[in-house]
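The chain is numbered in sequence order, starting from 1.
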Amino acid sequence: MRKYIGQSLLFFFLAAILLTSCEEEYKSDLKFDYDVKIKSFSVSGIDGVVNEAKKTVTVTVESSDNVDVSDVSPQIVLPEGATITPEITANMDFTGPIEFTIINGNIYTKYTIIVSEKFYFAFLGEPASVNAMTIEDDKKAAEWFLAQYADGEYVSFSQIADGSVDLSKYDAVWYHSDQGTRPCWPDAQMLYGVADNQAIVSKLREYYESGGNILLTNFAGSLVDEIGIVSEPKYAPNNAFGDVEANPDSQNWGDWDLKWYADPESPLASGLNYKSDDPTKFIMLPNGVARRNRTNQYNVAGWTDYAVGGSTIPERVSYFETVNNCKVMVTNWNSEEINMVVWPKHDGKGAAIFIGSGTYDWYAENDVENTAGNREKLTSNSLTYLFTQSKN
């Protein structure tokens, strides 16, 4: 909306006219036809969309454009004689919207300029569609993903196997698997129908080794050896247990939490709601939730291959990180159980994250909302991390 710097002056001049004689003619130098519309705005050759009704300019960049929105040198074309405040310069930070004022003569207007990043990402699953999913835990995770990310897509493994979907278009993919009624050990860890299908595994491995980024949660984490994230099968998750149906008494077992083990300033920990009595722990399943405790995780106890790393748990965790070329982020049970691991990008391969725990549960059989908000936050932080890695 146009605004007039001279409105107060105009009132004064009109009043003066009324006080003069009728025969005297007043002439004003004020003009109200100055142009204050942005002609064009672009970032690295990508044109912005100007919405005059909303007074916004939106530029959408894709990860393949290699644009750092925190360090942008935009180009803008203004009407003749117009100026803009703040000034458009090199190396501007557009991680958030910025309001600008266009001034021309005695007229001004405001625009909000937004430079947003568009990522391509997918939720992977065995059924042909989300509606066809029969495992409620997987379905709840997929539904949350598609509701959370407007540009998210669901991709079935049959589409990957037959080549009708090219994974290379995605900046990151997420595969979550609860494995339903399969016993946790060994059937659920085997991921029958996926891990034993070379047409699927080879495409996932090619995607990862070509720089694709992957989030694997719960039993999907057992794929880390098949697709080459770890060097040997023995370095896949080694500890699985849990029930096929919820224990009727489990809703009275209190809050179940996890421990943030890594740097608390990590963006992967952003927004987690920590317990008031322990600022390193955050609740994943609140009391009142019926739980099956279907778990697929790492363990560094004495009976594992990681016991050679030392006599203490910190020594074994450190050894775990060394042999797996990874970073441990979240633990449980005095840090004997490892529940979140990050593999950074290296040697042309993508980044990967594994989250596995009986507390990482998307479906409660007694229909109680089974979250303290941390499940979603941990997941969205992981996806955001993987998206940013697609630009590096």
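- In this structure, the side chain of S382 engages the main chain of L378 through a donor-acceptor pair within 3.5 Å.
- Side chain of Q189 to backbone of W185: no donor-acceptor contact under 3.5 angstrom is found.
- Residue H176 forms a ring pair (Phe, Tyr, Trp, His ring centres under 6.0 Å) with just one option from Y360, F145, Y154, and that option is Y360.
- We find the CG-CD1 distance between L258 and I355 to be 9.5 Å, quoted to the nearest 0.5 Å.
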Determine, stepwise, if the pair K259 / V330 fulfils side chain to side chain contact (heavy atoms under 4.5 Å, CB included).
CA-CA 6 Å; K259 177 184 177 66; V330 174; 5.8 Å; no

Should D71 and N91 be marked as a side-chain hydrogen bond (donor to acceptor under 3.5 Å, both in side chains) after you check the CA-CA gap, both sets of side-chain angles, and the distance that decides it?
CA-CA 5 Å; D71 186 15; N91 312 115; 2.8 Å; yes

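- Heavy-atom contacts from other residues, nucleotides or ligands closer than 6.0 Å to CE of M92 number more than 12.
- Listed by first then second residue, pairs satisfying salt bridge (Lys or Arg N to Asp or Glu O under 4.0 Å) with a partner in residues 151-163 read E153-K169, not counting sequence neighbours.
- In this structure a side-chain-to-backbone donor-acceptor pair under 3.5 Å is present from D278 to T280.
- Without hydrogens or angle criteria, W343 side chain to K345 main chain gives no donor-acceptor distance under 3.5 Å.
- Contact annotation: the side chain of F100 never approaches that of E87 to less than 4.5 Å [non-hydrogen atoms, C-beta and beyond].
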As a quick check of understanding, evaluate side-chain hydrogen bond (donor to acceptor under 3.5 Å, both in side chains) for N131 and S129, giving each step before the final call.
CA-CA 5 Å; N131 289 336; S129 68; 5.2 Å; no

Check step by step if side-chain hydrogen bond (donor to acceptor under 3.5 Å, both in side chains) holds for S222 and N296.
CA-CA 8 Å; S222 294; N296 189 36; 3.1 Å; yes

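- In this structure, the separation between CE on M284 and NZ on K377 is 13.0 Å, given to the nearest 0.5 Å.
- Side-chain contact between N104 and T109 is absent, with no heavy-atom pair separated by less than 4.5 Å.
- One hydrophobic cluster holds both F282 and W362 under the rule that ILVMFWY side chains link at heavy-atom gaps under 4.5 Å.
- In this structure, M190 is not a member of the same hydrophobic cluster as L204, with clusters built from ILVMFWY side-chain heavy atoms closer than 4.5 Å.
- Side-chain atoms of Y120 and E62 form a donor-acceptor pair, as typed in the model, at a separation below 3.5 Å.
- Counting heavy atoms from C-beta on, the side chains of Y175 and V194 come closer than 4.5 Å.
- In this structure, the side chain of N334 does not engage the main chain of E336 through any donor-acceptor pair within 3.5 Å.
- Of the candidates W174, W144, F157, F123 forms a ring pair (Phe, Tyr, Trp, His ring centres under 6.0 Å) with just one, namely W174.
- Considering only heavy atoms from C-beta on, I76 comes within 4.5 Å of I84 through its side chain.
- Every pair passing ring pair (Phe, Tyr, Trp, His ring centres under 6.0 Å) that includes a residue from residues 296-332 is listed here, sequence neighbours excluded: Y298-F320, Y298-F354, Y306-F320.
- Within the structure, salt bridge (Lys or Arg N to Asp or Glu O under 4.0 Å) contacts touching residues 220-244 (residues at least two apart or in different chains) do not occur.
- A distance of 12.5 Å separates CG in L285 from CD in Q251, rounded to the nearest 0.5 Å.
- You'll find the side chain of H346 reaches within 4.5 Å of the side chain of N325, heavy atoms only.
- Judged by distance alone, the side chains of E315 and S318 never bring a donor and an acceptor atom under 3.5 Å apart.
- When atom types are taken as modelled, the side chain of N324 and the backbone of C326 share no donor-acceptor pair closer than 3.5 angstrom.
- T112 places none of its side-chain heavy atoms less than 4.5 Å from the side chain of K55.
- Panel note: side chain T304, backbone A301; a donor-acceptor pair is recorded below 3.5 Å.
- Between W333 and Q297, the closest side-chain pair of non-hydrogen atoms is not below 4.5 Å.
- Annotation: side-chain contact (heavy atoms from CB on, under 4.5 Å) contacts of K39 (sequence neighbours excluded): D35, V77, P79.
- A side-chain donor-acceptor contact under 3.5 Å links R316 to the backbone of V300.
- Residues in residues 282-311 take part in these salt bridge (Lys or Arg N to Asp or Glu O under 4.0 Å) pairs, two or more places apart or across chains: D178-R292, D178-R294, R292-E365.
- Between N213 and F387, every side-chain heavy-atom pair lies at or beyond the 4.5 Å cut-off.
- Using a distance-only test at 3.5 Å, with no hydrogens or angles considered, no donor-acceptor pair links the side chain of D65 to the main chain of E117.
- Note: D171 CG to L386 CG = 10.0 Å, rounded to the nearest 0.5 Å.
- Among I113, V49, V50, the one residue that satisfies the side chain to side chain contact (heavy atoms under 4.5 Å, CB included) test with F41 is I113.
- Listed by first and then second residue, the ring pair (Phe, Tyr, Trp, His ring centres under 6.0 Å) pairs that reach into residues 199-237 come to none, sequence neighbours excluded.
- Note that NZ of K203 is 10.0 Å distant from CG of N197, once rounded to the nearest 0.5 Å.
- Remark: side-chain polar atoms of S335 are not paired, donor with acceptor, to backbone N or O of T331 under 3.5 angstrom.
- Rounded to the nearest 0.5 Å, atoms CH2 (W260) and CG (N339) are 11.5 Å apart.
- Using modelled atom types and a 3.5 Å distance limit, the side chains of T359 and S357 yield a donor-acceptor pair.
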Stepwise side-chain hydrogen bond (donor to acceptor under 3.5 Å, both in side chains) test for S156 and S158:
CA-CA 5 Å; S156 70; S158 61; 2.9 Å; yes

